[in-house]
Amino acid sequence: MTILKILQYPEASLLQPSGPVEITDGKIDDKIRTLIKDMGETMFQAPGVGLAAPQIGINKRIIVYDAMAEGSEEENPDKKFKALVNPEIIKKSGSIVSENEACLSVPDFKSNVKRFESVTVKGENAEGEKLEFNVEGIFAIIMQHEIDHLDGILFFERVSSLKRRMYKKRIAKKLKESEK
Ligand code: NI
């Protein structure tokens with residue numbers, strides 16, 4: 001079991017698009033599978049309900065999420081998580097407000113974010129099997145948030161520019177002070 005370091009804004013890996021994971025003959029290589037396991041453990045330890053590979057400094061299109069994200073912590077004692085490799089949103093509809101959305105890579109910032117209510121996602125699981133499914137509510141929000149990470153987009157890019165500017169300023173100031 002390896003707990004990985006979760007990087008924070010303005011780390012470069014968070015701000016650039018990630019490349020696809022190569023799948024040969026429907027198989028995902030062992031290195032990636034180990035990485036997925038470590039990402040799951042890291043996510044639960046944080047704790048969070050989703051984690052994308054760029055958040056641990058790896059610019060590959062991999063996300064993991066809490067399989068029981070809609071319930072309480074007690075409802076997922078085995079810490080079951082799901083992984084998606086090369087996920088893609090192929091359909092989206094409706095509109096909801098994700099209340100007080102947060103991100104492990106954007107500390108001390110929460111905001112309501114407008115999201116699609118329902119999304120259809122296509123990708124592969126950790127075994128390299130092709131999947132296509134529709135999710136709503138919290139899982140739709142997780143998909144949009146985590147897949148954004150794979151495109152180098154942090155959730156504050158989806159809130160009012162004033163809020164975002166204030167946050168970036170606050171972080172810049174903090175970094176400057178820590179250099180002193
Ligand atoms: Ni995030």
Side-chain angles (χ1 to χ4, degrees), residues 1-24 27-67 69 76 79-89 98 100-111 113 115 121-128 131 138-139 141-159 163-165 167-180:
M1 166 160 155
T2 313
I3 302 295
L4 306 161
K5 185 175 185 304
I6 298 176
L7 304 174
Q8 296 180 345
Y9 170 81
E11 197 76 44
S13 67
L14 296 168
L15 306 175
Q16 65 194 52
S18 294
V21 172
E22 237 181 89
I23 299 176
T24 322
K27 287 216 175 71
I28 290 180
D29 77 66
D30 289 346
K31 253 197 195 155
I32 297 282
R33 291 165 68 120
T34 304
L35 174 70
I36 287 171
K37 250 191 220 155
D38 292 343
M39 281 175 66
E41 280 161 5
T42 302
M43 172 185 74
F44 282 118
Q45 208 245 357
V49 291
L51 189 72
Q55 293 183 272
I56 45 129
I58 293 175
N59 282 111
K60 289 212 177 289
R61 302 188 80 84
I62 305 166
I63 65 170
V64 296
Y65 60 100
D66 184 342
N76 192 4
K79 298 194 179 344
K80 285 211 171 76
F81 69 89
K82 290 185 179 172
L84 281 175
V85 172
N86 301 331
E88 227 182 296
I89 292 174
S98 153
N100 281 321
E101 198 167 310
C103 177
L104 296 169
S105 295
V106 184
D108 308 318
F109 186 79
K110 277 186 183 170
S111 180
V113 185
R115 296 288 191 187
V121 179
K122 195 176 106 173
E124 279 91 33
N125 65 12
E127 278 70 52
L131 304 173
I138 176 104
F139 287 110
I141 292 166
I142 291 173
M143 291 301 147
Q144 291 166 81
H145 181 117
E146 300 311 329
I147 294 172
D148 266 355
H149 273 302
L150 305 182
D151 294 323
I153 297 167
L154 294 173
F155 83 113
F156 59 45
E157 300 296 342
R158 306 229 180 257
V159 306
K163 255 190 125 168
R164 175 171 64 244
R165 276 210 311 273
Y167 181 74
K168 287 186 173 177
K169 244 178 154 169
R170 181 145 61 90
I171 294 297
K173 203 176 149 202
K174 217 169 125 186
L175 287 174
K176 223 174 154 185
E177 273 165 11
S178 68
E179 277 167 17
K180 277 181 195 163

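If you read the sequence from its start, that first residue is 1, and numbering goes on from there. Since we're looking at a predicted model, the values are computed, not measured.
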Test log, rule side-chain contact (heavy atoms from CB on, under 4.5 Å), inputs Tyr65 and Met143: CA-CA 9 Å; Tyr65 60 100; Met143 291 301 147; 3.3 Å; yes

Holding to side-chain contact (heavy atoms from CB on, under 4.5 Å), I want the full list of residues that pass it with Lys174, two or more places apart in sequence or in another chain. Asp108

Give the C-alpha distance, both sets of side-chain angles, the deciding distance and a yes or no for side-chain contact (heavy atoms from CB on, under 4.5 Å) between Glu124 and Leu131. CA-CA 5 Å; Glu124 279 91 33; Leu131 304 173; over 6 Å; no

Do Tyr9 and Lys168 have side chains that get closer than 4.5 Å, going by heavy atoms? yes

First locate atom NZ of Lys169, then atom CZ of Arg165, and finally report the distance between them rounded to the nearest 0.5 Å. 8.0 Å

Thr42 side chain reached by Gln45 side chain, heavy atoms, under 4.5 Å: no

Quick one: does Val106's side chain get under 4.5 Å of Gln8's, heavy atoms only? no

Of all heavy-atom pairs between Phe155 and Ser111, which one has the smallest distance, and what is that distance? CE1-N, 4.2 Å

Any Lys/Arg nitrogen of Arg115 or Glu101 sitting under 4.0 Å from an Asp/Glu carboxylate oxygen of the other? yes

OG1-CG distance between Thr2 and Leu35, expressed to the nearest 0.5 angstrom: 10.0 Å

Could I get the full list of side-chain contact (heavy atoms from CB on, under 4.5 Å) partners for Glu127, not counting sequence neighbours? Arg33, Asn125, Glu129

Working to the nearest 0.5 Å, report the span between OG1 of Thr34 and CD1 of Ile28. 12.0 Å

Take Leu154 and Leu15 through the test side-chain contact (heavy atoms from CB on, under 4.5 Å) and record every step on the way to the result. CA-CA 8 Å; Leu154 294 173; Leu15 306 175; 3.8 Å; yes

Can you list the residues that meet the ring-ring contact (aromatic ring centres under 6.0 Å, His included) rule with Tyr167, with sequence neighbours excluded? Phe109, Phe156

Decide yes or no for His149 and Glu146: does some side-chain heavy atom of the first lie under 4.5 Å from some side-chain heavy atom of the second? yes

Does any part of the side chain of Ile141, heavy atoms only, come nearer than 4.5 Å to the side chain of Val113, both counted from C-beta? no

Which value, rounded to the nearest 0.5 Å, describes the distance between Lys80 atom NZ and Phe44 atom CZ? 10.0 Å

Could you tell me whether the side chain of Asp38 reaches within less than 4.5 Å of the side chain of Glu41, counting heavy atoms only? yes

With sequence neighbours excluded, tell me which residues meet side-chain contact (heavy atoms from CB on, under 4.5 Å) with Ile138. Ala69, Glu70, Ile142

Kindly write out the residues that satisfy salt bridge (Lys or Arg N to Asp or Glu O under 4.0 Å) with Lys122, not counting sequence neighbours, or none if the list is empty. none

Validation row: Arg158, Ile153 side chains within 4.5 angstrom (heavy atoms): yes

Using a 3.5 Å cut-off and no angle test, enumerate the donor-acceptor pairs between side-chain atoms of residues 47-64 and protein atoms at least two apart in sequence or in another chain.
| residue | atom | partner | partner atom | Å |
| --- | --- | --- | --- | --- |
| Gln55 | OE1 | Ala52 | N | 2.9 |
| Gln55 | NE2 | Ser105 | OG | 2.9 |
| Asn59 | OD1 | Gln16 | NE2 | 3.1 |
| Asn59 | ND2 | Ser13 | O | 2.9 |
| Asn59 | ND2 | Ser18 | OG | 3.1 |
| Arg61 | NH1 | Ser18 | O | 3.0 |
| Arg61 | NH1 | Leu150 | O | 3.1 |
| Arg61 | NH1 | Asp151 | OD1 | 3.3 |
| Arg61 | NH2 | Asp151 | OD1 | 2.9 |

